[in-house]
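Proteins get letters first, then strands, A, B, ... in listed order; numbering begins at 1 in each.
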Amino acid sequence: MTDSHGSEGHPAHLQHHFDNSRQQFSASKLGMWLFLATEILLFAGLFVAYAVYRSNHPEIFIYAHYFLDTKLGGINTMVLLLSSFTMAWGVRAAQLGQRKLLVALLSLTLLGGFGFLGIKYVEYEAKWKHGLLWGTNYNPESHDDHTGADEHAEEVEEAPTAPETGAPDRLNLEPTVVPPSATGPAGTVPPGEGLPHGQGAEPDNVHIFFGIYFLMTGLHGIHVLVGMSLIFWILLKSIGGAYGPKYFTPVDLVGLYWHLVDLIWIFLFPLLYLIH
Amino acid sequence: MATEHNHHDQVGHVVPVPLLGGVIAALMILTWLTVFVTKFDLGSLNIFIALGIAVIKGALVVLFFMHLRWDAPINGIVLISSLLLVFLFIGFALMDSAAYAPDQIPGYAPRINP
Amino acid sequence: MSTAATTPDSNYLNVTKGALSWLLTLDHKRIGILYLVSILSSFFLGGMMAMLIRTELLTPGDTIMTADQYNQVFTLHGAIMIFLFIIPGIPAALGNFVLPLMLGAKDVAFPRLNLMSWWLWITGAFIAVASILINAVDTGWTFYTPYSTTTGTSVTLIVTGVFILGFSSILTGLNFIVTIHKLRPKGMTWFKMPLLLWGLYSTAIIQVLATPVLGITLLLLAMERVMGIGIFDAALGGDPVLFQHFFWFYSHPAVYIMILPAMGVISELISVFSRKHIFGYKFIAFSSIAIAVFSFLVWGHHMFTSGQSELVNMIFSALTFSVSIPSAIKVFNWLATMYKGRIQLDTPMLYALSFLFLFTIGGLTGLFLATLATDIHLHDTYFIVAHFHYVMFGGTVIAFLGGLHYWWPKMTGKMYNEKLGRIASVILFVGFNVTFFTQFVMGSRGMPRRYFHYQEQFTSLNQLSSVGSYIMAVAFFMIAGYLLHSLAKGRKAPANPWGANSLEWHTPSPPPFDNFDREMRGVDPYDYTGWKYDESIEGYVPVGGGDGTRDSRAV
Amino acid sequence: MIGFLSTTGAGEPSFWLPSQSSTIAQRVDSIWEFIFWLSVFFFALVVVLGARFALKYRAARGQGTVATTDHNTVLEVVWTVIPTLLVVVLFWIGFRTYIDMSTPPENAYEIQVTGQKWQWLFTYPNGYVDENLHAPVNTDVVLVMTSEDVIHSMFIPAFRTKQDVVPGRYSKLWFNATETGEFDIYCAEYCGTSHSDMGAKAIIHPEGEYEPWLKDASNLHGRFPPVEIGEKYYKRFGCKQCHSLDGGAGIGPTFKGLYGTMERLSGGGSVLVDENYIRESILNPQAKVTEGYSPVMPTYQGRFNDQDITAIIEFIKSVE
C-alpha cells in the first residue's frame with residue numbers, strides 16, 4: 001500500500017503518509033544517516049579492540065604488520081577511492097537524469113568493488129597459505145620447513161619490501177621492543193634467529209594481530225559485498241530508467257552506504273598496513 | 001525520463017564534476033602521502049600523522065562525496081554524535097586497560113603456549 | 001462523511017481480514033498489536049522461569065531441579081525478559097501504536113522497516129528460544145567471558161538470536177527518530193509534543209547508537225567461540241575485563257531503553273488522571289534527553305569489583321551520580337503535578353502511583369551502588385537483584401501495565417472491568433514488595449546472586465520472597481483474565497474515556513485505518529479544558545459538542 | 001520495625017548487615033548508614049506527599065480540569081540543586097573510603113589465592129596450601145589472587161570486601177580483621193555448575209596463635225595418617241569435582257570400590273587398578289583412560305611428591 005496512489009499531486013514514488021517528495025526525501029536521508037551511525041558504532045568495537053591491543057602490546061603489531069603488503073593495501077585504497085568517486089558522480093548523473101552516464105558510472109563502481117575484493121582475495125590466500133591466522137590457527141611456517149631462502153622470498157609476497165626499506169630504521173628506534181637480531185633481506189636470516197623477515201624474535205600472542213586483522217577486513221569485506229549487491233540492484237533499475245531529477249533517493253542512499261564503506265577503509269589502511 | 005534540470009522538483013544538492021574531480025585527486029595525493037611518510041621514522045608522531053591524514057581524507061569524502069556540506073544539519077549531528085561515542089568508548093577502554101596492564105601476566109595464553 | 005464514533009464503522013482491526021493481512025501489514029497499529037502479543041508471550045515464558053527460580057529457592061539445598069538446570073533457568077529468565085520483553089516492551093508495542101497517533105500522523109516514516117523490525121524480532125526470538133531446547137544456555141544474560149567462551153551450552157546460538165533482536169531494536173529506534181523529526185504536524189513544536197514522545201525519542205537515540213555495540217560484542221563473542229580469536233579469552237591471550245567494557249557499553253544504556261519510555265508513560269498518566277497540566281514540562285523533557293546522554297557515561301559502574309582500574313572506577317562513580325539528578329527531577333515534577341489536582345484513582349493511575357513508590361525505592365537504592373565504598377560490599381549480591389527489579393519491574397513493567405490499561409480502550413475499542421483492574425494492581429503491588437524488598441535484606445546481609453544453594457540463615461527471607469512471587473502470579477493471571485474477557489464481552493470504549501487531550505484521543509476507538517479522517521494540528525496535550533464528561537458514554541466529549549473525533553477543535 | 005531500622009551494631013550482625021569484623025567494615029557501615037537515612041528521608045518525602053495528594057485531592061470520576069500554575073522555575077532549580085549537592089557529598093565520602101579499601105598497606109602479610117572451578121586454594125608464604133583462609137587478627141593481610149579458569153570473585157561479607165579474580169592477571173584484596181572466629185567466604189561472580197558451593201571460611205586466629213598454627217598445619221605427613229592426607233588432597237586439588245566417593249556418575253570414574261578392580265580401557269584392553277596404575281594416572285592421566293571417559297584430567301606431575309601420592313593411593317583404597 002505504500003507504493004500506491006497515482007492520484008493528483010501524488011507522484012508514484014510518494015508514500016501515502018508523506019505530504020510531499022521533499023519530506024519523504026529528507027526522511028529517507030535522515031534514516032540513512034542514522035543507519036550509517038549504527039554502522040560506525042558497529043565498527044567502533046573493532047577499533048576499540050585494535051586500540052587496546054595496539055597500545056598495550058605494540059610489539060605484536062610492529063612484528064606482525066610486516067606480513068602485510070603495503071603496496072597491495074595502497075592499491076586497494078586507491079581502487080576503493082576511485083569507486084567512491086564514480087559513485088558520487090553517479091548520484092549527480094541520477095540527479096540530472098543522465099541515464100547512460102549513470103549506468104556507466106554504476107558499472108565502474110561495481111567494477112571497483114570487484115577489483116577490491118580480488119586484491120583482498122590475493123592477500124587472504126597468501127596469509128592462509130602461511131598459517132598467518134587467528135588464535136590457535138596461527139601457525140606460521142617454522143624455519144625448519146624452508147627448503148631454500150629464495151623460495152621463501154617468493155612465497156611471502158606480501159612482505160617483500162618491508163625489511164629493506166623500513167625495518168632497519170624502525171629497529172633502531174624500538175630497541176627494547178624489537179631486538180635488532182637481523183637486518184638482512186627476506187629469507188637470509190639463519191634459522192633459529194627469529195623469523196625470516198628480519199624483524200627479530202617473535203613476541204607472544206602475535207595471533208591477536210591476525211585475529212583483529214581478519215575481523216576488521218572481514219567485516220569490511222562483507223560490507224563491500226553488501227554494497228556491491230545494492231549497487232547491482234540500482235544498476236538494473238537505472239537501466240530501466242527508474243531514476244531522474246524527481247526521484248533518485250535509492251541512488252543517493254546506496255551512494256552514502258558505499259562512501260561509508262570507503263570511509264572505514266580509509267582508516268583501516270593506515271592502522272593495519274602502515275604501522276611504526 | 002526527464003533530462004532537463006528542474007529546480008522546483010529538485011531535492012538535494014548537485015555537486016559539479018570538477019569539484020568531485022578535485023576531491024578524488026586530493027584523496028589520491030593524500031593516499032600517496034600517507035604511505036610516503038612511513039619511510040620516515042618520527043617516533044610516536046607517525047601514528048598521529050597517519051590518522052591525521054585519514055581524518056582529512058574522511059572529511060573530504062563526508063563533506064563532498066556524501067553531500068554533508070550542503071545537507072540538513074541534523075544529518076551532520078547524527079554523524080558527529082556517533083563519532084563522539086566512538087571516542088568515548090575508545091577513550092575509556094584505553095584509559096582503563098592501560099591502568100590495569102601492570103596486573104596482567106605477560107604473554108599469558110595457556111591454550112596457545114601450553 | 002462517515003460517523004465513525006457512533007456507528008461500528010471500518011477501523012484498523014476490521015478493515016482487512018485474514019492472517020496474512022496481519023502478518024504482512026504495514027499499519028503501525030497492527031504492528032504494535034503484533035508486538036504486543038509477541039512480547040506478552042515472552043513475558044509469560046520469562047515469568048514461568050521466574051516461578052521456577054523462586055520455587056527452587058524455597059529451600060537452601062536442591063528443591064526441584066539440578067544446579068545446571070537452575071543456571072539455565074535464571075539465564076533464560078534474564079535473557080528472555082530483557083531482550084525479548086522489556087527492551088521492545090514499551091517502544092515497540094505501545095510506542096508503535098501510539099507514536100504516530102500522538103503526532104497526528106498516518107504512520108511511522110518507514111512502515112516497511114517497521115514490519116521488518118517485527119519479523120526480525122520473531123526470527124531472533126525463535127532462535128533464542130530454540131537455544132533452550134538445544135542444550136540451553138547457562139552463562140547468565142551477561143555472557144561474561146571466559147565462562148561463555150568455554151561452556152558447552154549453545155551460547156553461539158542464543159548470541160545469534162540476540163544479535164538479530166538488536167537489529168529489530170535499531171530499526172524501531174531509527175523509525176521513531178525520523179518520524180518525530182519529519183512527521184510532526186503543523187503547530188506541533190518540539191515543546192508541544194506529549195512527554196511520552198520525548199521519552200521515546202530519547203530511547204530511540206540510545207537504541208540507534210548503543211545497540212550496534214552489542215552487535216559487535218556478540219559477534220566477537222561468537223567468533224571467540226567458533227574461531228578462537230583471543231580478544232576476550234584469557235586462555236588465548238585475551239582480556240576478559242575488556243569484554244565487560246564492550247558488554248556494558250551497550251547494556252547500561254539499555255536499561256535506559258527500558259526505563260525512559262516508562263517515565264514517558266507515567267508523565268502522561270499522572271497529568272491526565274490528576275486532571276491538571278503537567279508540571280515543569282521542559283524540565284521533564286530535557287531530563288529525558290539528559291538521561292539518554294548520561295546513560296552512555298556510566299557503564300563502568302557494573303565493573304567496580306571486576307578489576308577495572310581505580311581511576312576509572314572513580315570517574316564512573318562520579319558520572320553515575322549524575323543520572324540520579326534528572327531522575328529526581330522527574331519524580332518531584334510528577335508530585336507537583338498531583339498537587340491540588342483532581343485525582344482519579346482509575347487503574348492506570350494506580351499503576352502510576354505504584355511506579356512512583358517503587359521507582360523511588362529503586363532509585364534511592366541506586367545511591368548505595370553508585371557509592372564506591374558501599375558498592376564493593378553489595379556488588380553481585382541480591383541487593384543488586386532487588387535494585388534492578390525495583391527499577392525494571394517496579395518501574396518499567398508497572399508503567400507498561402499502566403500504559404496498557406490506559407491505551408487498551410484505544411487499541412481494542414473495549415473497556416475492561418475497572419474494579420478487577422484496581423484490585424489486581426493492588427495485589428501486584430503487594431506481591432512485588434514482598435518478593436523483592438526481602439531481597440534487599442538478603443543482599444546486604446551478603447547473599448550472592450545466581451546462587452543455587454544458599455546458607456541456612458537466608459531461608460526464611462527466601463521463602464518470603466517466593467511467596468511474594470506467587471502473589472504476583474495471581475495478579476498477572478487476573479489481569480490476563482479480565483483483559484481477555486473485555487475483548488469478548490467488554491463495554492464499547494468511547495473515543496476519549498479518560499479526558500486526555502493528546503491527539504490519539506481525537507480519533508475513534510479503535511482508530512480507522514488512516515488514523516484520522518482529517519489533517520491534524522498540534523495542540524497542548526496537557527490542556528484538558530476542552531473536554532467535559534458525558535455520563536451516557538462514560539467518557540469525555542468536547543465542550544463545543546460532537547465526540548471529538550471529527551470536529552475541527554484541534555485545528 | 002525497630003529491627004528494620006537498626007542499621008549497624010558494633011561487631012554483631014544487624015538487621016541489614018553482617019557482623020562488622022574488619023577495620024574497613026566500620027567505615028563502610030557508617031557510609032551505608034548515612035545513605036540509608038538519606039534514602040529513608042527522601043522515600044518518606046515522596047510517599048507522604050504522593051499519598052497525601054492522592055487522598056486529599058481525590059475526586060470522583062468525570063472531573064473537569066484544574067487550572068493552576070504549570071511550572072515554577074525557582075522550585076525546579078531548587079530540587080535540581082539539592083540532589084546535586086547531596087550526590088557530590090556521597091561520591092566524595094564513598095570514593096575516599098574506597099581508595100583505602102583498594103590500596104593494600106605496605107608490608108602487609110601476603111597470601112596467594114587461586115580460584116578454580118569450584119574451590120579456593122590459599123597458598124601461605126611457606127608453600128603450604130589450604131582450602132580455607134587463615135590469618136592473624138589485627139594484622140594487615142593482602143590476598144594476591146588469580147584464576148585458573150573463569151572469573152571468580154572473592155567476597156567476605158563480614159569484612160565488607162570483594163574483588164573479582166580474573167584469569168591472566170593478578171588482583172589484590174586486603175583486610176585487617178578486628179575479630180577472631182570463622183567468617184564466610186563466597187564466590188560472587190557466577191562461574192558455573194557449583195558456583196554457589198564455591199565457599200570457604202576465613203579463620204581469624206587470636207594474637208600469637210597464627211604462626212604456630214601454620215607451622216603445625218604445614219607438617220601434614222607428621223600429623224596425619226596417609227589416608228587423611230589423601231582425603232585432604234582429594235578435596236583440595238580438584239579431585240572431588242570429577243571423582244565421586246559414593247558411586248555417583250562424574251566426569252571421571254568414582255573412587256568407590258575402585259581399588260583392585262579390573263577396568264576396561266578406552267583404547268581396548270584392560271588394567272588392574274593397583275598402586276602403579278593410580279600413580280600413573282596421577283602423573284600421566286592420558287596414558288590409560290578408562291572406557292567411557294574423556295581424557296580431560298590434568299597432570300599432577302610436580303605438584304605431588306612420592307609421599308603425597310602414597311597418601312592418595314591409601315585414601316582411594318579406603319573408599320569402599
Side-chain angles (χ1 to χ4, degrees), chain A residues 1-5 15-20 22-53 56-57 60 133-138 203-216 218-219 222 253, chain C residues 16 25-28 100 105-113 166-167 170-171 173-175 177-179 181-183 185-186 204-205 207-220 223-224 226-233 235-239 242 245-246 249-250 513-515 519:
Chain A
M1 67 198 67
T2 50
D3 282 333
S4 58
H5 297 285
Q15 300 183 8
H16 82 296
H17 56 286
F18 287 111
D19 296 337
N20 55 51
R22 191 174 296 274
Q23 188 191 29
Q24 179 172 320
F25 177 73
S26 69
S28 309
K29 220 38 200 238
L30 176 58
M32 192 65 199
W33 274 103
L34 285 166
F35 177 71
L36 297 186
T38 69
E39 291 282 14
I40 290 171
L41 283 153
L42 184 76
F43 275 94
L46 296 180
F47 283 104
V48 169
Y50 177 94
V52 166
Y53 283 97
N56 291 330
H57 301 285
I60 293 177
L133 299 174
W134 51 84
T136 47
N137 299 310
Y138 174 74
D204 286 325
N205 294 334
V206 172
H207 68 91
I208 284 184
F209 174 86
F210 289 99
I212 290 174
Y213 168 81
F214 278 102
L215 282 171
M216 286 183 131
L219 190 63
I222 290 170
L253 300 190
Chain C
T16 48
T25 183
L26 297 178
D27 180 6
H28 70 96
K106 287 180 182 148
D107 210 321
V108 292
F110 309 115
R112 273 176 287 197
L113 285 187
F167 271 99
I170 287 175
L171 291 182
L174 188 152
N175 227 331
I177 292 181
V178 177
T179 307
H181 268 279
K182 303 294 180 185
L183 293 182
K186 287 197 184 70
I205 292 176
Q207 283 178 302
V208 167
L209 293 178
T211 317
V213 177
L214 175 72
I216 194 69
T217 308
L218 297 178
L219 197 68
L220 286 171
M223 290 297 114
E224 194 81 69
V226 176
M227 293 163 49
I229 47 170
I231 306 285
F232 297 140
D233 189 348
L236 292 166
D239 181 357
L242 186 61
H245 278 298
F246 271 71
F249 186 90
Y250 164 77
F513 170 71
D514 262 347
N515 291 353
E519 191 169 334

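For the side chain to side chain donor-acceptor pair (under 3.5 Å) test, no residue two or more places apart in sequence or in another chain qualifies with Q24(A). Every side-chain contact (heavy atoms from CB on, under 4.5 Å) that M223(C) has, sequence neighbours left out, goes to L215(A), M227(C), I229(C).
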Handout entry: Test log, rule side-chain contact (heavy atoms from CB on, under 4.5 Å), inputs K106(C) and Q15(A)
Key = CA-CA 11 Å; K106(C) 287 180 182 148; Q15(A) 300 183 8; over 6 Å; no
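Using a 4.5 Å cut-off between heavy atoms, N175(C) makes no contact with chain A at all. Neither the backbone nor the side chain of A44(A) has a heavy atom closer than 4.5 Å to any heavy atom of chain C. Neither the backbone nor the side chain of L113(C) comes within less than 4.5 Å of any heavy atom in chain A. Of the two parts of L214(C), neither the backbone nor the side chain holds a non-hydrogen atom closer than 4.5 Å to a non-hydrogen atom of chain A. Both the backbone and the side chain of L209(C) have a heavy atom closer than 4.5 Å to some heavy atom of chain A. Contact of Y53(A) with chain C is made through the side chain alone, with heavy-atom distances under 4.5 Å. Both the backbone and the side chain of I231(C) come within less than 4.5 Å of a heavy atom in chain A.
Atoms CG and CD1, on L41(A) and I216(C) in that order, are 11.0 Å from each other to the nearest 0.5 Å. If you take CH2 on W134(A) and CD on E224(C), they are separated by 13.0 Å, rounding to the nearest 0.5 Å.
Side-chain N or O atoms of H17(A) include one that pairs as donor or acceptor with a backbone N or O of A109(C) at under 3.5 Å. Looking at H181(C), its side chain never comes within 3.5 Å of a backbone N or O of L30(A) through a donor-acceptor pair.
Most heavy-atom pairs under 4.5 Å with chain C, from the set N137(A), N205(A), L219(A): that is N205(A). Counting heavy-atom pairs closer than 4.5 Å to chain A, the top residue among G237(C), G238(C), A105(C) is G237(C). By number of non-hydrogen pairs under 4.5 angstrom with chain A, the leading residue of L171(C), V108(C), L174(C) is L174(C).
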